[in-house]
Number of protein chains: 2
Amino acid sequence: MAPDAFAALSDPTRRQVLDLLYRKERSAGELGAAFPSISQPGMSRHLRVLREAGLVRVRPEHRLRLYSLRTEGLAGVDAWLAKYRGFWESELDALEAHLDARRAARERPPGPRSP
Amino acid sequence: MAPDAFAALSDPTRRQVLDLLYRKERSAGELGAAFPSISQPGMSRHLRVLREAGLVRVRPEHRLRLYSLRTEGLAGVDAWLAKYRGFWESELDALEAHLDARRAARERPPGPRSP
DNA sequence: CGATTCTATAACATCGGATTTATTTAACAG
DNA sequence: CTGTTAAATAAATCCGATGTTATAGAATCG
């Protein structure tokens with residue numbers, strides 16, 4: 001697992017790039033065109049970060065460089081999350097929140113009832 | 001969903017804090033002590049980032065502030081990942097990688113055979 | 001070959017995040 | 001109320017990531 005997959009995903013633009021690549025390879029230029037506010041070298045750098053994080057694959061074709069999703073990096077993130085998934089899928093989490101709220105209310109009543 | 005959960009998770013220290021909080025609430029001081037290389041205010045700021053990302057909950061008790069996991073933020077990350085999960089759980093991804101490798105080898109033979 | 005197209009890299013500016021020291025707020029104990 | 005402990009905020013610094021312009025590299029076409 002690439003240790004910086006989280007860092008790569010921390011940028012919204014890069015997440016959007018991945019969304020564009022969902023099941024559909026696209027050229028670097030195509031991806032750049034999807035973000036008019038970012039220069040061509042800017043997109044190229046984003047793609048490099050994604051590449052080095054193992055999140056995309058690149059393949060030369062004709063004059064283009066075609067990028068596609070490579071889920072290794074995402075699988076690493078998913079593996080980290082997996083530890084917690086059972087936690088919120090059980091309703092333990094919500095239950096604790098509820099108990100916390102009750103306890104807080106008990107310890108600090110809303111009205112000026114107790115001196 | 002807190003939009004900056006990804007950003008919060010991009011820092012390794014914060015991920016380790018979440019690991020420490022797995023099913024076990026801990027005080028701010030306890031968490032700080034687990035990272036001797038980080039100052040008290042430094043940890044406090046990390047905790048704030050986690051709080052604002054909806055990843056932890058805090059509860060005052062005695063003189064301490066007890067932090068615990070709050071999976072809302074993680075669930076948001078998980079929801080984003082979910083879109084891709086089916087993709088790598090099927091072996092479509094590995095298959096494509098294989099085909100890419102074959103195609104690349106065909107288009108660009110290893111030896112300096114062709115002028 | 002020379003021109004053109006597509007993309008990556010270099011060099012540089014800038015902005016934000018991480019960290020630190022110093023200070024403040026909050027909750028108690030005496 | 002005074003002092004003490006726990007934790008958050010303020011202010012300043014530092015470093016890395018993002019973004020830009022300019023340039024280089026790679027493939028293709030005429």
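So that the names make sense, note that chain A is the first sequence line, chain B the second, and so on, each numbered from 1.
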Can you measure A:E52 atom CD to C:dA8 atom C1' for me and round it to whole angstrom units?
12 Å

Which residue, A:P41 or A:D11, contacts DNA chain D at a nucleotide closer to its 5' end, judged by nearest heavy atom?
A:D11

Hey, does the side chain of A:S27 reach the backbone of A:E30 with a donor-acceptor pair shorter than 3.5 angstrom?
yes

Classify the nucleic acid contact of A:S37 as base, sugar-phosphate or nothing, counting any heavy atom under 4.0 Å across all strands shown.
sugar-phosphate

Does A:S39 put a side-chain nitrogen or oxygen below 4.0 Å from OP1 or OP2 of D:dT20?
yes

Indicate, with yes or no, if A:L64 and A:M43 share a hydrophobic cluster defined by side-chain heavy-atom contacts under 4.5 Å among Ile, Leu, Val, Met, Phe, Trp and Tyr.
no

Need one value for B:Y67: base, sugar-phosphate or nothing, where a base atom within 4.0 Å counts as base even if backbone is also close, heavy atoms only.
sugar-phosphate

Taking donor-acceptor contacts at under 3.5 Å, does the side chain of B:Q40 reach the base of D:dA6?
no

How long is the line joining CG of A:L47 and P of C:dA8, in whole Å?
6 Å

Report which part of the nucleic acid B:T13 touches: base, sugar-phosphate, or nothing (heavy-atom distance under 4.0 Å, all strands).
nothing

To the nearest Å, give me how far apart CD1 (B:I38) and P (C:dT20) are.
7 Å

Select base, sugar-phosphate, or nothing to describe what B:R45 touches, counting heavy atoms under 4.0 Å on all strands.
base

Any donor-acceptor pair under 3.5 Å from A:R26 side chain to A:L20 backbone:
yes

Are A:L55 and A:I38 grouped together when hydrophobic residues (ILVMFWY) are joined by side-chain heavy atoms under 4.5 angstrom apart?
yes

Under 4.0 Å between any heavy atoms, over every strand shown, what does A:G29 touch: base, sugar-phosphate, or nothing? Just pick one.
sugar-phosphate

Could you state the CG-C1' distance from B:D4 to C:dG17, rounded to the nearest angstrom?
13 Å

Select one nucleotide: of C:dT20, C:dA10, D:dT28, the one nearest the side-chain heavy atoms of A:H62.
D:dT28

Check this one for me: any side-chain N or O of B:R14 less than 4.0 Å away from OP1 or OP2 of C:dA18?
yes

Take atom CZ of B:R65 and atom P of D:dT9, then tell me their distance rounded to the nearest Å.
8 Å

Output the distance between atom CG (A:L31) and atom CG (A:L21), rounded to the nearest 0.5 Å.
5.0 Å

Atom CZ of A:R63 to atom P of C:dA8: distance rounded to whole Å?
15 Å

Starting at NE2 of A:H46 and ending at P of C:dT9, how long is that distance when rounded to a whole Å?
15 Å

Indicate whether OP1 or OP2 belonging to C:dT7 is found under 4.0 Å from a side-chain N or O atom of A:S44.
no

Atom CG of B:L64 to atom P of D:dT4: distance rounded to whole Å?
19 Å

